[in-house]
Asker: 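Quick one: this structure, given as structure tokens, is what I'll be asking you about.
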Amino acid sequence: MEVLPQTSLRELVQGKLVLLDESGVRRTPEEVCDLVEGKFLGVGAFPHGEFTKEIHNLALERVSIHSEVLEAYQTVCLLSSPCWSKSTPK
């Protein structure tokens, strides 16, 4: 595990953040796995609301993986299998 120097969230994710957002560009889970390789994936886990405008402005891209609003755990489950398969040596 890499130890990162003390830094702000903005510095850490600048140019490397992809947000999951219900109004984002539709992508398949497999496409999202490819897109976020080497980047950070922002998954909202809000009871109501969205990421702030400041976080939106940090994002490289905003993507959606489903036509309906999903709970955070559902989103992570939908992404875990294709991302795990991609990272597991064959």
Side-chain angles (χ1 to χ4, degrees):
M1 182 168 77
E2 180 182 354
V3 176
L4 300 173
Q6 187 172 2
T7 186
S8 71
L9 177 62
R10 176 186 299 280
E11 293 170 328
L12 184 64
V13 302
Q14 190 71 46
K16 299 183 228 169
L17 177 64
V18 176
L19 290 180
L20 287 171
D21 187 325
E22 62 194 60
S23 63
V25 176
R26 179 61 65 80
R27 303 273 189 204
T28 66
E30 293 79 12
E31 290 171 325
V32 172
C33 292
D34 289 338
L35 181 65
V36 300
E37 189 169 340
K39 297 179 182 72
F40 295 95
L41 179 64
V43 179
F46 315 112
H48 300 286
E50 300 181 8
F51 289 103
T52 64
K53 184 174 276 197
E54 180 181 12
I55 299 297
H56 278 169
N57 290 339
L58 289 174
L60 289 170
E61 189 169 344
R62 292 167 33 195
V63 297
S64 173
I65 62 169
H66 203 279
S67 60
E68 297 180 28
V69 177
L70 300 174
E71 299 286 334
Y73 75 90
Q74 294 170 313
T75 302
V76 172
C77 285
L78 282 171
L79 289 172
S80 64
S81 180
C83 292
W84 178 261
S85 296
K86 182 179 178 354
S87 68
T88 304
K90 295 183 167 77

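Just so it is clear, the values below take in all heavy atoms, side chains as well, and ignore hydrogens, waters and symmetry mates.
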Asker: Consider only side-chain N and O atoms of Arg27 and Ser64, and report whether a donor and an acceptor are under 3.5 Å apart.
Answerer: no
Asker: Can you list the steps and then say if Val63 with Val18 is a side chain to side chain contact (heavy atoms under 4.5 Å, CB included)?
Answerer: CA-CA 7 Å; Val63 297; Val18 176; 4.0 Å; yes
Asker: Could you pull out the closest heavy-atom pair between Arg62 and His56, with the gap in Å?
Answerer: NH1-ND1, 3.6 Å
Asker: Could you please spell out the steps behind the side chain to side chain contact (heavy atoms under 4.5 Å, CB included) verdict for Leu35 and Lys39?
Answerer: CA-CA 8 Å; Leu35 181 65; Lys39 297 179 182 72; 5.6 Å; no
Asker: What heavy-atom pair brings Gly15 and Leu60 nearest, and what distance separates the two atoms?
Answerer: O-CD1, 3.2 Å
Asker: Nearest 0.5 Å, please: how far is CG in Leu58 from CZ in Phe40?
Answerer: 11.5 Å
Asker: Between Leu12 and Leu17, does the side chain to side chain contact (heavy atoms under 4.5 Å, CB included) criterion hold? Intermediate values first, please.
Answerer: CA-CA 9 Å; Leu12 184 64; Leu17 177 64; over 6 Å; no
Asker: Closest approach of Ser80 and Cys77, non-hydrogen atoms and distance?
Answerer: OG-O, 3.0 Å
Asker: On a heavy-atom basis, which atom in Pro29 and which in Pro82 lie closest, and how many Å separate them?
Answerer: CB-CG, 3.7 Å
Asker: Rounded to the nearest 0.5 Å, how far does CZ of Phe51 lie from CG of Leu19?
Answerer: 5.0 Å
Asker: Got Leu20 and Leu70 here, is their nearest side-chain heavy-atom distance under 4.5 Å?
Answerer: no
Asker: With rounding to the nearest 0.5 angstrom, report the NE2 to OG1 distance, His66 to Thr75.
Answerer: 9.0 Å
Asker: Between atom CD of Glu37 and atom SG of Cys83, what is the distance when rounded to the nearest 0.5 Å?
Answerer: 9.5 Å
Asker: What verdict does the side chain to side chain contact (heavy atoms under 4.5 Å, CB included) test give for Thr28 and Ile65, after you've listed the backbone C-alpha separation in whole Å, the side-chain angles of each residue and the deciding distance to 0.1 Å?
Answerer: CA-CA 6 Å; Thr28 66; Ile65 62 169; over 6 Å; no
Asker: With rounding to the nearest 0.5 angstrom, report the CG to CD distance, Asn57 to Gln14.
Answerer: 9.5 Å
